[in-house]
Novice: 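Take this structure, written in structure tokens, and hold onto it; I'll ask about it next.
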Amino acid sequence: MNIESSLQQTIGQAFKELFGAELPLQDINLQATRKDFEGSHTFVTFPFAKLSKKNPQETARLIGEYLQQHTQLVSAFNVVQGFLNLTIADSAWLQVFADIVTQADFGFYASNGQKVMVEYSSPNTNKPLHLGHLRNNFLGYSVAEILKANGYDVIKTNLVNDRGIHICKSMLAYQKFGNGETPETSGMKGDHLIGKYYVLFDKAYKQEIDALKAQGMAEEEAKKTAPLMQEAQQMLVKWEEGDKETVELWQRLNTWVYTGFAQTYTRMGVDFDKMYYESNVYLLGKDIVEEGLAKGVFFKKENGSVWIDLSAEGLDEKLVLRADGTSVYITQDLGTADIKYKDFGMEKSIYVVGNEQDYHFNVLFTILKKLGKPYADGLYHLSYGMVDLPTGRMKSREGTVVDADDLMEEMVQTATARSQELGKIEEFSEEGARVLYEMLGIGALKYFLLKVDPKKRMLFNPDEAIELHGHTATFIQYTHARISTILRKADLMDVKREVNIQKLQPAEKDVIALLATFPDRVKEAGRDYAPSVISQYAYDLAKEYNRFFAEVSIFNADTAEETAFRVVLSEQVGKTIRKAMSLLGISVPERM
RNA sequence: GGUUCCGUAGCUCAGCUGGAUAGAGCAACUGCCUUCUAAGCAGUAGGUCUUUGGUUCGAAUCCAAACGGAAUCACCA
């Protein structure tokens, strides 16, 4: 049973019978009643005063009376100005709850037969992952889970940026300064080892630039002519020519990086259905350039370079192929978009990429639309803000980043220390405790990054540990553990899982009302690609449950029926918390 | 300079498809553990929702402008 739609219908009838007016159902909006007033649903009558030809207050009163007479749902109402506050009968709430309990997949939607691709992570193989990547990965994974819950068939992909001048920088520095060092001999994770050489390159390169500038060369000129940069560029040419030695070095170093990434991904709890590598796709897109020229969407300049004029769209002229016939970034993205569609034929494609590339994706999507690609309308750039440090922006080259592995480890350590301090882990095995610390530490980190609107850039202060109290994953996990304890006790006492009561406490009503909104929140999160909708919901639900927990006694209830009901209610909250958190990629413990 | 995004409590953020006295968390202060997990609950205090104008019965929410911050506008990726 759905209280809202049922109320909408009856209100529609009321308009017809009381005022002789037709009111489309979608115009009948119900909102949650403010806490200070009696009731749970509010109907605002101001906009309909003309329709009813009565003042808002009178309109509200008449509709209230009509509802009370014509539906079992409404047990009482009150009118404040043009606000009609409705109190829903306990029997209706119990019916709603009974419906929820019978649905094993409550809140999740059946398959809609549509495919959607979520591309996220997209790391460079010349350095380890950092805090910004964590936001990207958690977002991408969560959005994929949310879309699955909305009935989509989801393909998670990762386009690895494994070639280019930046990779050559690491390779060159390794060749020059590495002395044959390996992850084994250095004891470093492969990605960190390569990242070390990326930073080394930058240091040595800067020294060369400074030296050249000291000789009187201009900065721009120095940057171009510095021997290290020249060498890196030569290396890129050799790589593109397929030079055996260069390709072997590239493969060896990349293998180390992938081994390191695999560990990081595992700990982050993210995965992919399909990997794409730039080394395979960077030559793609030239056929699309031909296609665009043939269709007259692109044009060629005298020097042979190919362009598109997007000034009518408020964008500039944009290069799509260099004069020498080689690709630029967007050429490859055009080709990759095509390949991905050929591989999967998805209706929608979500690119989880930082907002620094807003312009690029605007251009990319506009071009694909102009080319009349069948998939063009389903493209979406999930643009998220950068994570800044108090000192400013993170820069890998300068080593001023919060490393992903370090941060995860630190969070787990914090969770460990906090758990031990609270001394609640006596009954845990060593392995069980380890799993718990991991769950709490990583969970807190994910929640911290996912609870914020993706669009907003966020500040991260490494000196302030991420909280484990208040609006955090820990609080929600704690609530789940609490519920689990209730359920274990209920099993020991052989409490039947049945609902056989007539009256509800206010706290119980509030919990049921919140539970009932879960499917809507899942839909909203899917529509807006917004994990923050789910994180907020999980928090609200946990908060509401804790209020209930403090206000009513479960095992010392007046009657056995009440105890049984409260156990079932607790169980349902526990399940819903678990589901909501799973959409964020966060696990919840049975005890903590 | 053009374009896009952001500006809500001391701090971090919700709310933004227009509705009542703008909500959480942290930090500060006060209560609540001999009964289901106090990683909790209840409460106090903290706001000209950047500013100005407009639309509206009604604006934090929509529109316009200004101010402040960020990103971007490469034959880089």
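Numbered from 1 within each chain, the chains take letters A, B, ... in sequence-line order.
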Novice: Using atom NZ of A:K543 as one end and atom C1' of B:rA38 as the other, report the distance to the nearest whole Å.
Specialist: 13 Å
Novice: Residues two or more places apart in sequence or in another chain: which of them pass salt bridge (Lys or Arg N to Asp or Glu O under 4.0 Å) with A:R434?
Specialist: A:E431
Novice: OP1 or OP2 of B:rC76 versus the side-chain N and O atoms of A:H166: is any pair under 4.0 Å?
Specialist: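 No.
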Novice: Can you check the distance between B:rA20 and B:rC49, where both ends of the measurement are the P atom (answer in whole Å)?
Specialist: 15 Å
Novice: Can you figure out which of B:rC73, B:rC75, B:rG40 approaches the side chain of A:N303 most closely?
Specialist: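 Given the options B:rC73, B:rC75, B:rG40, the side chain of A:N303 is closest to B:rC75.
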Novice: Tell me every residue that passes ring pair (Phe, Tyr, Trp, His ring centres under 6.0 Å) with A:Y120, counting only those two or more places apart in sequence or in another chain.
Specialist: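 Ring pair (Phe, Tyr, Trp, His ring centres under 6.0 Å) check on A:Y120 returns A:F272.
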Novice: Using a 4.0 Å heavy-atom cut-off, does A:N461 contact any base of the nucleic acid, only the sugar-phosphate backbone, or nothing at all?
Specialist: nothing
Novice: Could you check whether the side chain of A:T479 and the base of B:rA39 have a donor-acceptor pair of N or O atoms closer than 3.5 Å, going by distance alone?
Specialist: no
Novice: For A:Y359 and A:T45, take the nucleotide of RNA chain B holding the closest heavy atom to each; which residue's nucleotide lies nearer the 5' end?
Specialist: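 Counting from the 5' end, the first nearest nucleotide belongs to A:T45.
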Novice: Protein within reach of the bases, or only the backbone? For nucleotides 3-14 of chain B, mark each nucleotide 5' to 3' as B, S or -, using heavy atoms under 4.0 Å.
Specialist: ---SS-----SS
Novice: Syn or anti for B:rC6? Use the chi torsion, O4'-C1'-N9-C4 for purines and O4'-C1'-N1-C2 for pyrimidines, with syn inside 90° of 0.
Specialist: anti
Novice: Name the pairs: protein N/O against N/O of nucleotides 33-36 of chain B, kept only if under 3.5 Å.
Specialist:
unit_1, atom_1, unit_2, atom_2, d
B:rU35, O2, A:N556, ND2, 3.2
B:rC36, O2, A:I554, N, 3.4
B:rC36, O2, A:F555, N, 3.3
B:rC36, N3, A:I554, N, 3.1
B:rC36, N4, A:F549, O, 2.8
B:rC36, N4, A:V552, O, 2.6

Novice: Side chain of A:V80 only, please: which of B:rA20, B:rC76, B:rG40 is the nearest?
Specialist: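 Nearest nucleotide to the side chain: B:rA20.
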Novice: Is the aromatic ring of A:F37 within stacking range of B:rA20, meaning centres under 5.5 angstrom and planes under 30 degrees?
Specialist: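 Yes; by the centre-distance and plane-angle rule, A:F37 counts as stacking on B:rA20.
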Novice: How far apart are the C-alpha atoms of A:Q57 and A:F83, what are their side-chain angles, what is the distance that settles it, and do they pass the side chain to side chain contact (heavy atoms under 4.5 Å, CB included) test?
Specialist: CA-CA 7 Å; A:Q57 202 159 349; A:F83 298 94; over 6 Å; no
Novice: Roughly how far, to the nearest 0.5 Å, is CG of A:N546 from OH of A:Y478?
Specialist: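 The OH atom of A:Y478 sits 7.0 Å away from the CG atom of A:N546.
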Novice: Without decimals, in angstroms, what is the distance between A:R34 CZ and B:rG58 P?
Specialist: 19 Å
Novice: Using the ring of A:W307 (Phe, Tyr or Trp, six-membered ring only), decide whether A:K301 places NZ or CZ under 6.0 Å from its centre and within 45 degrees of its axis.
Specialist: yes
Novice: Do A:V533 and A:Q536 pass the side chain to side chain contact (heavy atoms under 4.5 Å, CB included) test, and can you show the C-alpha distance, the side-chain angles, and the key distance before you say yes or no?
Specialist: CA-CA 5 Å; A:V533 169; A:Q536 187 66 42; over 6 Å; no
Novice: Just say parallel, tilted or perpendicular for the rings of A:Y537 and A:F518, cut-offs at 30° and 60°.
Specialist: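 Rings of A:Y537 and A:F518: parallel, under 30°.
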Novice: Say whether, by atom type as modelled, one donor and one acceptor occur between the side chain of A:E278 and the main chain of A:R163 under 3.5 angstrom.
Specialist: no
Novice: Rounding to the closest angstrom, what is the interatomic distance between B:rU50 and B:rG68 at atom P?
Specialist: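 About 16 Å, rounded to a whole number of Å.
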Novice: Between B:rU34 and B:rU30, how many Å separate the two C1' atoms, rounded to a whole number?
Specialist: 24 Å
Novice: Counting side-chain heavy atoms from C-beta on, which of B:rC41, B:rA20, B:rA39 comes nearest to A:T474?
Specialist: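 Between B:rC41, B:rA20, B:rA39, the one nearest the side chain of A:T474 would be B:rA39.
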Novice: Report which part of the nucleic acid A:Y539 touches: base, sugar-phosphate, or nothing (heavy-atom distance under 4.0 Å, all strands).
Specialist: sugar-phosphate
Novice: Indicate every side-chain donor-acceptor pair of residues 567-575 of chain A with a distance under 3.5 Å to a residue at least two apart or in another chain.
Specialist:
unit_1, atom_1, unit_2, atom_2, d
A:S570, OG, A:Y545, OH, 2.8
A:S570, OG, A:R566, O, 2.8
A:E571, OE1, A:R497, NH1, 3.3
A:E571, OE2, A:R497, NH1, 2.7

Novice: Is A:F46 stacked against the base of B:rG19, taking the criterion as centroid distance under 5.5 angstrom and interplanar angle under 30°?
Specialist: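 Aromatic stack with B:rG19 present for A:F46.
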Novice: Taking the same atom, C1', in B:rA9 and in B:rA45, what whole-Å distance lies between them?
Specialist: 11 Å
Novice: Using whole Å, what does the distance between atom C1' of nucleotide B:rA24 and atom OH of A:Y447 come to?
Specialist: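 From A:Y447 OH to B:rA24 C1': 10 Å.
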Novice: Please report the distance separating the P of B:rU8 from the corresponding atom of B:rC13, rounded so that it comes out in whole Å.
Specialist: 9 Å
Novice: In whole Å, what separates the C1' atom of B:rC36 from that of B:rC41?
Specialist: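 Here B:rC36 and B:rC41 have their C1' atoms 14 Å from each other.
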Novice: For A:D333, answer base if it contacts any base atom (sugar-phosphate contacts may also be present), sugar-phosphate if it contacts only those atoms, and nothing otherwise; contact means non-hydrogen atoms under 4.0 Å.
Specialist: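 The residue A:D333 makes no contact with any strand.
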Novice: Can you identify which nucleotide, out of B:rA39, B:rU72, B:rG19, has its nearest atom closest to the A:E356 side chain?
Specialist: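 In terms of side-chain proximity for A:E356, the closest of B:rA39, B:rU72, B:rG19 is B:rU72.
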Novice: Decide, applying a 5.5 Å centre-distance limit and a 30° plane-angle limit (both strict), whether A:F83 stacks on B:rA20.
Specialist: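 Stack criterion met.
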Novice: Rounded to the nearest angstrom, tell me the gap between atom CZ in A:R547 and atom C1' in B:rC32.
Specialist: 16 Å
Novice: In whole angstrom, give me the gap between the P atoms of B:rU56 and B:rC11.
Specialist: 37 Å
Novice: Tell me whether the NZ or CZ atom of A:K53 lies within the 45° cone about the ring axis of A:F19 and under 6.0 Å from its centre.
Specialist: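 No, A:K53 does not sit over the ring of A:F19.
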Novice: Using the closest heavy atom to pick a nucleotide of RNA chain B for each, name whichever of A:K301 or A:P47 lands nearer the 5' end.
Specialist: A:P47
Novice: How long is the line joining CD of A:E421 and P of B:rU37, in whole Å?
Specialist: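 After rounding, the reported distance stands at 21 Å.
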Novice: Consider only side-chain N and O atoms of A:S532 and A:D453, and report whether a donor and an acceptor are under 3.5 Å apart.
Specialist: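 Their side chains do not contain a donor-acceptor pair, so the 3.5 Å distance test is not met.
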Novice: Within this structure, what is the CD-to-P distance between A:Q57 and B:rC57, rounded to whole angstrom?
Specialist: 19 Å
Novice: Could you check how far CG of A:L30 sits from C1' of B:rG18, rounded to whole Å?
Specialist: 16 Å
Novice: Measure across A:D162 and A:Y277 and return the closest heavy-atom pair with its distance rounded to 0.1 Å.
Specialist: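 Shortest heavy-atom contact: OD2-CB, 3.6 Å.
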Novice: Mind checking which stems touch RNA chain B? I mean at least 3 consecutive Watson-Crick or G-U pairs, both distances under 3.5 Å.
Specialist: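 So the stems come out as B:1-7 with B:67-73, B:10-13 with B:23-26, B:28-32 with B:40-44, B:50-54 with B:62-66.
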Novice: Under 4.0 Å between a side-chain nitrogen and a carboxylate oxygen: does that hold for A:D388 and A:R457?
Specialist: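 Looking at A:D388 and A:R457, the cut-off is met.
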Novice: With no hydrogens and no angle check, just 3.5 Å: does a side-chain donor-acceptor pair link A:N161 and A:T125?
Specialist: no
Novice: Which of parallel (below 30°), tilted (30 to 60°) and perpendicular (above 60°) describes A:H360 and A:Y329?
Specialist: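 If you compare the ring of A:H360 with that of A:Y329, the planes turn out parallel.
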Novice: Taking atom P in both B:rG43 and B:rG23, what distance in whole Å separates the two?
Specialist: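 Rounded to whole Å, the distance is 13 Å.
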Novice: Let me know the distance between CD of A:Q357 and P of B:rA74, rounded to the nearest Å.
Specialist: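 Rounded to the whole Å, the gap is 14 Å.
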Novice: Once you apply a heavy-atom cut-off of 4.0 Å, does A:T326 come out as touching a base, just sugar-phosphate, or nothing?
Specialist: nothing
